[in-house]
Amino acid sequence: MPSKRKPPKKPDRGLLAGLRRYGYRAVAGFAILAGLYSGFVAAELYSEARELLDRTSVRIYSAPLELREGDWLDPVRLRDHLGALGYTEVGRVRRPGQFSRSGRMWVIHLREHETPAGATPEMVVEMDLHDGRIEGLVVEGRKAFSVSVGSVLLSTFSRHDRALRIPLAREAIPETVVQAFVAAEDSTFFSHHGLSPRSILRALWVNVTEGGYRQGGSTITQQLAKNIFLSREKTLARKLKEALIALYLDARFSKDEILTLYLNEVYLGQAGASAVLGVGAATRHYFGSGIAAASLEQAALLSAVAKGPSYYNPFRHPERARERRNYVLDRMADTGFIEVETADQAKERPLGLSEGSGDAPMAGYFLDHAVARLEKEDREAKRLIHSRLLFSSLDPGLQMAAERAVRKGLLRVRKQRHDEDIQAALVAIRPRSGDVVAMVGGEDFLRAPYNRATEALRQAGSTFKPFVYASAFESIPGFNELTPLEDVPVEIPDGKGGVWSPRNFPEGYRGTLPARDALSFSVNVPTVVLGMTVGLDRVVRTAERLGWRKTLQPLPSLPLGAAEVTPYDLALSFLPWTNGGMRVAPRLFTHRVEDRGPAVPLGLERPVRVVDESVSYQVTHMLQDAVARGTGKAAGNYGIASEIAGKTGTTSDLRDAWFIGYTPELLAVVWMGRDSGKPLGWTGGGAALPVWAEFMARAPASRAETRFPVPESVRFVSVCAVTGDEAALWCPSERVPLKRGTVMKTCSKHTSPVDSIRRLWRRLSETEIFLERPRQD
């Protein structure tokens with residue numbers, strides 16, 4: 001029987017057939033693309049995680065504190081430095097990181113620490129500090145001439161971020177620290193595959209029953225995924241991404257590698273401008289010691305802080321932190337990591353915080369400026385970024401003294417003005433090296449990170465006047481401190497068909513007065529006339545040659561400081577007055593250390609002469625008079641033993657208050673005003689000078705009776721106090737500095753015998769006046 005043949009199948013036609021024919025291909029193509037994309041993302045995740053595991057950040061340190069026999073040392077400065085290092089004051093020193101004081105004897109048990117000269121082992125230092133001077137040093141039982149206390153770790157820096165981070169290998173992390181985090185954060189960490197279904201279900205039940213987001217079910221792996229790959233938003237999409245990344249990480253990395261990543265990246269607080277990331281930095285921040293010395297209760301506290309670094313901040317909320325720490329200890333006992341009795345004993349112990357730590361800002365403005373320098377794309381910055389250690393120029397003791405002086409000054413002025421909208425800035429630099437040792441850009445970096453020290457352009461006021469007098473010393477033959485200037489009403493064409501009449505503050509005119517008095521008492525009119533006489537273009541060139549970086553306009557108001565400048569740039573432009581006429585580059589970093597090899601000195605640029613040393617000394621000599629009896633006279637009330645030169649500055653309508661002053665070893669500038677530019681209502685001598693003096697009184701250089709050196713090119717000449725010419729026999733005269741070889745005419749005014757006898761008698765009867773200014777040769 002012939003078999004029945006099936007009728008031929010009709011070809012599919014229509015929409016349904018097209019979907020069947022091409023749908024499979026589309027799905028396959030989508031699967032291939034999704035696979036490729038997933039592989040690309042996975043490769044990116046793996047690369048970034050591996051980079052974090054292998055990360056070597058640059059550690060930024062302060063300058064070390066060097067103790068030298070015979071040097072001046074303020075006990076407050078020493079305590080500040082030790083506190084910043086995390087040292088604790090105790091009755092009897094028993095271990096590294098402690099110090100004690102009994103009368104004039106100090107005992108400091110130094111930890112092992114890094115210095116530009118290399119690693120220094122732990123040691124016991126005994127110091128005899130008598131009336132602020134180091135009378136003797138004994139190191140490990142042997143007499144020594146000097147010893148380095150160590151440098152403060154300010155921050156770490158990488159191309160990714162800036163934070164306090166001390167990367168640790170897994171073997172360097174104590175088991176108690178690992179157990180504390182696992183017990184409190186993820187007790188099934190070693191058994192799950194990145195996700196914990198039980199924790200997810202428990203969190204879901206709590207959130208549904210209590211309403212809202214009350215509890216998370218994230219494992220340590222998920223937290224790591226969130227911390228380094230995702231944002232902190234609490235959305236379903238983000239949680240799904242977090243879960244997928246956690247699964248991937250668990251598949252590609254070992255449990256030890258995941259723990260190492262997590263414990264090096266977990267956020268554990270804030271140290272001023274820098275985040276505290278990882279348990280290595282956190283033990284230093286909270287306990288002032290290395291992680292190897294962390295006790296059980298300290299390990300539990302680190303885990304407790306991770307739950308909420310602000311809420312459980314042990315410095316601000318010790319009871320909350322203690323309660324959470326004790327919970328972690330109970331969890332460690334519940335999971336079998338420790339015995340119940342051990343947990344109970346640890347709960348009775350104190351938090352173990354270092355008195356010198358905390359979250360008070362440490363040089364936030366300086367660090368921001370220094371890191372911005374590192375981020376510049378130039379050859380030197382690239383070398384610095386690839387260093388292992390960077391030693392900065394910052395002096396922690398002077399930095400803290402600067403911060404205290406600014407806060408105290410602001411409190412005083414704000415209380416008088418009944419206004420909180422007043423800010424201040426301070427910059428301190430060593431004249432010969434250009435080392436920036438302190439920088440304050442405002443009252444509080446955390447609340448207002450805008451750096452007024454380096455970014456706020458404000459009119460310079462009378463702090464600009466020394467550039468006018470320097471121009472006169474350079475260009476007018478025989479010009480000296482006693483050259484008479486006229487302080488009378490003048491009218492100067494304003495270039496618009498009108499005239500401008502400069503005025504003094506306070507109002508009034510003095511007739512004829514010596515140039516020294518015009519600068520010391522900051523008299524406006526004779527300074528403007530002198531600037532016009534010298535030539536405003538010449539004044540501009542003088543200021544720019546000395547380092548004034550803002551473009552200057554040769555306008556009649558220029559001698560009164562109508563030009564804008566930042567406090568930092570003003571300080572740099574004054575440096576040639578302090579160091580014999582040399583312009584030096586500012587130095588923020590002094591040494592760098594690479595993985596191998598010794599420390600390499602930085603910033604060794606050769607100084608450039610920009611003004612003759614005789615002119616530099618003449619300006620300094622006049623600015624000494626401004627402090628001795630002029631507008632800066634109040635600086636002498638703070639017990640500063642060293643010679644001081646300085647200049648106040650007050651802009652029109654009392655908007656800005658300035659004082660810039662220096663000793664032979666240190667220069668500092670202080671600005672005070674309002675960000676809005678509204679009048680402050682205070683003069684430089686009333687608002688800025690006290691801040692400067694409070695700070696400078698804490699500097700070691702201010703304790704020694706140092707004097708400004710007189711250059712070989714300068715001689716002191718008797719000059720007539722009336723005419724400014726070389727004094728004749730019977731002239732009322734003073735000895736003033738002049739450049740050797742300066743030709744001066746002899747005074748012809750005081751030749752009458754009767755007049756000479758009268759003046760001689762006056763000189764004899766007023767001898768004390770002349771004794772105030774000792775003769776120098």
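What you are looking at is a predicted structure, and each value in this text was computed from that prediction instead of being measured.
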Discussion item. Between R458 and E564, does the side chain to side chain contact (heavy atoms under 4.5 Å, CB included) criterion hold? Intermediate values first, please.
Written reply: CA-CA 5 Å; R458 308 302 292 249; E564 291 184 329; over 6 Å; no

Worksheet entry | R629 and D625: CA distance, side-chain angles, deciding distance, salt bridge (Lys or Arg N to Asp or Glu O under 4.0 Å) verdict | CA-CA 6 Å; R629 63 187 188 93; D625 189 77; 2.9 Å; yes

Item to complete: Given side chain to side chain contact (heavy atoms under 4.5 Å, CB included), test I660 with L570 step by step and report yes or no.
Response: CA-CA 8 Å; I660 181 166; L570 181 63; 4.1 Å; yes

Worksheet item: Could you walk me through whether Y662 and T620 pass the side chain to side chain donor-acceptor pair (under 3.5 Å) check?
Response: CA-CA 9 Å; Y662 52 94; T620 291; 2.8 Å; yes

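S520 places a side-chain N or O within 3.5 Å of a backbone atom of R516 that can act as its donor or acceptor partner. Judged by distance alone, the side chain of W682 and the main-chain N or O of V413 form no donor-acceptor pair under 3.5 Å. Judged by distance alone, the side chain of R583 and the main-chain N or O of L546 form no donor-acceptor pair under 3.5 Å. Counting only distance, with no hydrogens or angles, the side chain of S471 and the backbone of F467 share a donor-acceptor pair below 3.5 Å. W692 places a side-chain N or O within 3.5 Å of a backbone atom of A668 that can act as its donor or acceptor partner.
The side-chain contact (heavy atoms from CB on, under 4.5 Å) check on D725 picks up T723, K745, C747, with sequence neighbours excluded.
The side chain to side chain donor-acceptor pair (under 3.5 Å) test with D419 is passed by exactly one of R674, R414, K678: R674.
A salt bridge between R430 and D395 is present, with a side-chain N of the basic residue lying under 4.0 Å from a carboxylate O of the acidic one. The existence of a salt bridge linking R407 and E443 is excluded, since no basic side-chain nitrogen approaches an acidic carboxylate oxygen closer than 4.0 Å. With respect to D80 and R404, a salt bridge is recorded, a charged nitrogen being found less than 4.0 Å from a carboxylate O. Ion pairing between a basic and an acidic side chain is recognised when a charged N comes within 4.0 Å of a carboxylate O; E665 and R432 show such pairing. A salt bridge does not link K550 with D569: none of the charged nitrogens is closer than 4.0 Å to a carboxylate oxygen. Between R541 and E474, no side-chain nitrogen of the basic residue sits less than 4.0 Å from a carboxylate oxygen of the acidic one, so the salt-bridge criterion is not met. One finds no salt bridge joining E481 and R735 here, because no Lys/Arg side-chain nitrogen approaches an Asp/Glu carboxylate oxygen to under 4.0 Å.
Cation-pi geometry between R510 and F521 is satisfied (NZ or CZ under 6.0 Å from the ring centre, within 45° of the ring normal).
Contact between A635 and I644 at its shortest, heavy atoms only, is O-CD1, 4.3 Å. Nearest heavy atom pair, residue L398 against residue A699, reads CD2-CA, 3.7 Å. In terms of heavy atoms, P576 sits closest to S573 at CD-O, 3.4 Å.
Under the 6.0 Å cut-off for aromatic ring centres, H369 and Y568 qualify, their centroids lying closer than that. Taking the six-membered ring for Trp, W548 and F464 have ring centres closer than 6.0 Å. Aromatic rings of F366 and F445 (six-membered ring for Trp) have centroids beyond the 6.0 Å cut-off, not under it.
Using a 30° and 60° split on the angle between ring planes, W577 and F574 fall in the perpendicular class, above 60°.
By the 4.5 Å heavy-atom criterion applied to side chains, T542 and V539 are not counted as neighbours. Y509 has its side chain within reach of N504: a pair of non-hydrogen atoms, C-beta onward, lies under 4.5 Å apart. Using a 4.5 Å heavy-atom cutoff, the side chains of P396 and R77 are not in contact.
Atom CD1 of residue I429 and atom OG of residue S393 lie 9.0 Å apart, to the nearest 0.5 angstrom. In this structure, CZ on R452 lies 13.5 Å from CG on L457, to the nearest 0.5 angstrom.
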